[in-house]
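Below: the structure, in C-alpha cells.
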Amino acid sequence: MADCIFCKIINGDIPSKKIYEDDKVLAFHDISPEAPVHFLVIPKEHIVSANEINEENSKIIAHIFIIINKIVRELNVADAGYRIINNCGTDGGQTVGHMHFHILAGRNLKWPPG
Ligand code: 5GP
Ligand code: ZN
C-alpha cells in the first residue's frame, strides 16, 4: 500500500533494524521502545487491523506467533516472560494502519495498561 509506513519498511523505502524476515512476515525493532526489548512483527500482506482477520488470511496469525516464539528465545527473554500486544483501531490505540504485534520484554510490565 503506497501510503503505509510499514509497507515502506517491508519494501526498504524506510530503513529499519530487522530481526527476522521471510516471505510472509517481518520483525523489526520499534523506533520508540517502551521496554528494553520492544519489537514488532508484521505480515508482509497489508492487513489493516485485527478486524480484517478471516478464514483466508488467518494462517498468518499462527505463523506470526511461531516467529515470536523463535525470536524471544533468541533474545533470551522467553523464560523471564514478555507481552504480546495488538492494538486495534482508535480506542485500541492503533496508530499505524497495518496490523502489527508488539512484543515487550526485559522489565516487569504493569497490568492493566493505561
Ligand atoms: P501502534 O500504536 O499502531 O500499536 O504501534 C505503532 C508502533 O510503530 C509504535 O510503537 C511506533 O513507535 C512504531 N513505529 C512508527 N513508525 C515507525 C518507524 O518508522 N519505524 C519503526 N521501527 N517503528 C515505527
Ligand atoms: Zn501496509
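These numbers come from a predicted model, not from an experiment. Just follow the structure's listing: the first ligand is 1, and inside any ligand the first atom is 1.
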Provide the number and element of each atom of ligand 1 under 4.0 Å from a heavy atom of [X].
X	value
Ser32	12 (O)
Phe28	21 (C), 22 (N)
Gly93	1 (P), 2 (O), 4 (O)
Gln94	3 (O)
Leu40	8 (O)

**Prompt:** Can a salt bridge be assigned to the pair Lys24 and Glu45 using a cut-off of 4.0 Å between side-chain N and carboxylate O?
**Reply:** no

**Message:** Taking distance alone, with N or O pairs closer than 3.5 Å, would you say Ser16 contacts ligand 1?
**Reply:** no

**Nitrogen or oxygen of His102 less than 3.5 angstrom from that of ligand 1** = yes

Protein residue, atom and distance nearest to [atom], heavy-atom basis:
atom	value
atom 2 (O) of ligand 1	Thr95 OG1, 2.9 Å
atom 22 (N) of ligand 1	His29 O, 2.9 Å
atom 7 (C) of ligand 1	Asp30 OD2, 3.5 Å
atom 5 (O) of ligand 1	His100 NE2, 3.0 Å

With the side chain counted from C-beta on, respond yes when [X] and [Y] share a heavy-atom pair under 4.5 Å apart, and no when they do not.
X	Y	result
Phe101	Phe65	yes
Tyr82	Ile68	yes
Val25	Ile42	no

**Request:** Looking only at N, O or S atoms, find the one in His98 nearest to the Zn ion (ligand 2) and name it.
**Result:**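 The His98 atom nearest to the Zn ion (ligand 2), restricting to N, O or S, is ND1.
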
**Request:** Looking only at N, O or S atoms, find the one in His46 nearest to the Zn ion (ligand 2) and name it.
**Result:**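 Restricting His46 to its N, O and S atoms, the minimum distance to the Zn ion (ligand 2) goes to ND1.
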
**Item:** Option with minimal heavy-atom separation from atom 24 (C) of ligand 1, where the choices are Ile31, Asn86, Ile5
**Value:** Ile31

**Request:** Mind checking whether Phe6 contacts ligand 1 via backbone (N, CA, C, O), side chain (CB onward), both or neither, at a 4.0 Å heavy-atom cut-off?
**Result:**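 It is the side chain that gets close, since no backbone atom is under 4.0 Å.
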
**Item:** Side chain, backbone, both or neither: the part of Ile9 lying under 4.0 Å from ligand 1 by heavy atom
**Value:** side chain

**Message:** Just verifying a value: how many Å separate Ser49 OG and Met99 CE, rounded to the nearest 0.5 Å?
**Reply:** 8.0 Å

**Asked** To the nearest 0.5 Å, what is the distance between CG (Asn54) and CD (Glu52)?
**Response** 8.0 Å

**Request:** For ring-ring contact (aromatic ring centres under 6.0 Å, His included), just list the numbers for His29 and His38, CA-CA rounded to whole Å, side-chain angles, deciding distance to a tenth of an Å, and then say yes or no.
**Result:** CA-CA 6 Å; His29 292 281; His38 184 179; 9.5 Å; no

**Item:** Verdict with reasoning, Phe6 to Phe28, per ring-ring contact (aromatic ring centres under 6.0 Å, His included)
**Value:** CA-CA 10 Å; Phe6 285 178; Phe28 56 100; 5.5 Å; yes

**Request:** Kindly determine whether His102 and His100 satisfy ring-ring contact (aromatic ring centres under 6.0 Å, His included), including the steps that lead there.
**Result:** CA-CA 7 Å; His102 297 254; His100 50 281; 5.1 Å; yes

**Request:** Specify the closest pair of heavy atoms between Pro36 and Gly106, including all atoms of both residues, with the distance to one decimal.
**Result:**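 For Pro36 versus Gly106, the nearest heavy atoms are CG-O, 3.3 Å.
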
**Enclosure of Asp3 CG (heavy-atom neighbours >12, cutoff 6.0 Å)** =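 It does not: Asp3 CG has 12 such atoms or fewer within range.
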
**Prompt:** What's the SG-the Zn ion (ligand 2)-SG angle here (Cys4, Cys7), rounded to 10 degrees?
**Reply:**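 It is 120°, given to the nearest 10°.
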
